[in-house]
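Input: a single structure, listed below in structure tokens.
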Protein chains: 2
Amino acid sequence: MAAIVRVKTVLFSVLEDKLQIYLPAHRLPQGIVEHGISLNKLAMENIKGIAGAAINQGYLEQLYTFSHPFEAGMGVDIVYYLLVGEGKLVRDYQESWIEATRISRNLPEYGILSYALQRLRWKVEYTNVVYSLLPREFTLSELQRIYEAILGKKLDKRNFRKKILSLGLLRSSGHRRVGLKARPARMYMFLRRQPVMVNVF
Amino acid sequence: MAAIVRVKTVLFSVLEDKLQIYLPAHRLPQGIVEHGISLNKLAMENIKGIAGAAINQGYLEQLYTFSHPFEAGMGVDIVYYLLVGEGKLVRDYQESWIEATRISRNLPEYGILSYALQRLRWKVEYTNVVYSLLPREFTLSELQRIYEAILGKKLDKRNFRKKILSLGLLRSSGHRRVGLKARPARMYMFLRRQPVMVNVF
DNA sequence: CCAAAAGTGTTGCGTATACACCCATGG
DNA sequence: CCATGGGTGTATACGCAACACTTTTGG
């Protein structure tokens, strides 16, 4: 006996300093599993329209598998979440995003979305996966804003810097962010743009 | 298009003070997903032969979903792990268990087993799920031996007691473990035999 | 009386938190 | 010269790890 297997993708990005989820028509992008394509691949294909070819630089993680035992065809949904940096996204889809802090109980996928958010918050507290939301070079303030957007709370600047620099994940790039009407900020880059476990927060 | 969906179950128990995995013929118990039965239910049915009817008192968690895109029928394996206390198991299956610390790279499911072990170790460090491996009443030493078996290392008795009692998960049952040739130990029980998040270790 | 396991406190160390002011630049 | 954000240090509280001896029972 066989079942219908779908892959759904929860796409997160930090846009305008706010953590947002890509939810066109209030539905998660999805696809049907077919012979010869892996689940990971399909999870990324689900959002190739908005994330283009650069998806491989994002961070992808399997979230959970749900079943619908009484649905016709015995549906199985394998859900992934994906982090993609603002700079890598196709624009023009503004109306398809929803702020993560504004997801409401009457969205059809509310359960999945809130679980995805919880898992994401968790993940950034003990890994370096936020690299996937940032360009190659960035300032410490930009990095801090990413964390604040994901965790949904303000962080102390001095403590943040002490902590993040002590982890040895970053190196100074030698450049400075100029052009703003303020003191130029030192720029940093991640030593490794692959997932690494550390204690961040 | 449809796929063949299996559910596999990694059954853990602490037997004779050692963390062990139920692996008859070096294979994980498994079943095929059919209409009208949930994944959880199937995960428990997979091992009803050895764990009998008392499975519901165990702790069940979905581990991960693997796919085999080029297998005939596009196989998908949804893997669960389950904790069941020694006292609830059918005996007579001694030869089907393997010590968790002795799993070797040439077992067919080595990848799954080592990941399950890692996730289990993780889980007991921030939840109370070890309740599922203990009888209703137990001594602190028995509880400590469960943690030591799972984590694979010795713990300091004084620090263990301080920590575990400070969490407020236990209450004294008033009874004592007698009959051993040593000082009788106070017995405790879990306030709640449902999963609760706490920081244990 | 001996073996076996139960039970009990203190100290040092490192990490997390709270908190405020001066600096460099653009306009 | 003013607005904007960059950059920096200290004091306190808390949790974790290390560590040894006395007590109670059964045989």
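To find a chain, count down the sequence lines: A is the first, B the second, and so on, and within it residues start at 1. Since we're looking at a predicted model, the values are computed, not measured.
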Please produce a list of atom pairs where a protein N or O lies less than 3.5 Å from an N or O of nucleotides 14-16 of chain C.
unit_1 : atom_1 : unit_2 : atom_2 : d
C:dA16 : OP1    : A:K163 : NZ     : 3.3

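The interatomic distance linking B:I164 (CD1) with C:dT8 (C1') rounds to 17 Å, in whole Å. Across the protein-nucleic acid pair, B:R177 atom CZ and C:dG7 atom C1' stand 17 Å apart, rounded to whole Å. What separates NZ of B:K154 from P of D:dA17 is a distance of 17 Å, to the nearest Å. For A:F160 and D:dG5, the CZ to C1' distance is 15 Å, given to the nearest whole Å. In this structure, CZ of B:R161 is placed 17 Å from P of D:dA17, rounded to the nearest angstrom.
Dashed line: the shortest gap from a side-chain N or O of B:R186 to OP1 or OP2 of D:dT24 is not under 4.0 Å.
Within the structure, the salt bridge (Lys or Arg N to Asp or Glu O under 4.0 Å) test picks out no pair touching residues 38-52 of chain A (sequence neighbours left out). Within the structure, salt bridge (Lys or Arg N to Asp or Glu O under 4.0 Å) pairs that include any residue of residues 187-201 of chain B do not occur (at least two apart or interchain). Sorted by first and then second residue, the pairs that involve residues 7-21 of chain B and meet salt bridge (Lys or Arg N to Asp or Glu O under 4.0 Å), not counting sequence neighbours, are B:K8-B:D77, B:K8-B:E109, B:D17-B:R145.
A:Y126 pairs by the side-chain hydrogen bond (donor to acceptor under 3.5 Å, both in side chains) definition with nothing, not counting sequence neighbours. Legend: residues meeting side-chain hydrogen bond (donor to acceptor under 3.5 Å, both in side chains) with A:K157, ordered by chain and number and at least two apart, are absent. With sequence neighbours excluded, the residues that form a side-chain hydrogen bond (donor to acceptor under 3.5 Å, both in side chains) with B:H175 are B:E137. Residues meeting the salt bridge (Lys or Arg N to Asp or Glu O under 4.0 Å) test with B:E125, sequence neighbours left out: none. Contacts of B:N128 classified as side-chain hydrogen bond (donor to acceptor under 3.5 Å, both in side chains), with partners at least two apart in sequence or in another chain: none.
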Sugar-phosphate means primed atoms, P, OP1 and OP2; the rest is base. With that split, encode nucleotides 18-27 of chain C 5' to 3' as B, S or - using protein heavy atoms under 4.0 Å. BBB--BBBS-
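Within residues 136-153 of chain B, no residue has a heavy atom under 4.0 Å from DNA chain D.
The six-membered or imidazole ring of B:Y131 lies away from that of B:Y59, with a centre-to-centre distance of 6.0 Å or more.
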CA sep, side-chain torsions, deciding dist, call: B:T65, B:V79, side-chain contact (heavy atoms from CB on, under 4.5 Å): CA-CA 6 Å; B:T65 299; B:V79 183; over 6 Å; no
Only pairs under 3.5 Å count here: list side-chain donor-acceptor contacts from residues 80-89 of chain B, not counting sequence neighbours, and write none if there are none.
unit_1 : atom_1 : unit_2 : atom_2 : d
B:Y80  : OH     : B:N40  : OD1    : 3.1
B:Y80  : OH     : B:Q62  : OE1    : 3.3
B:Y81  : OH     : B:E61  : OE1    : 3.2

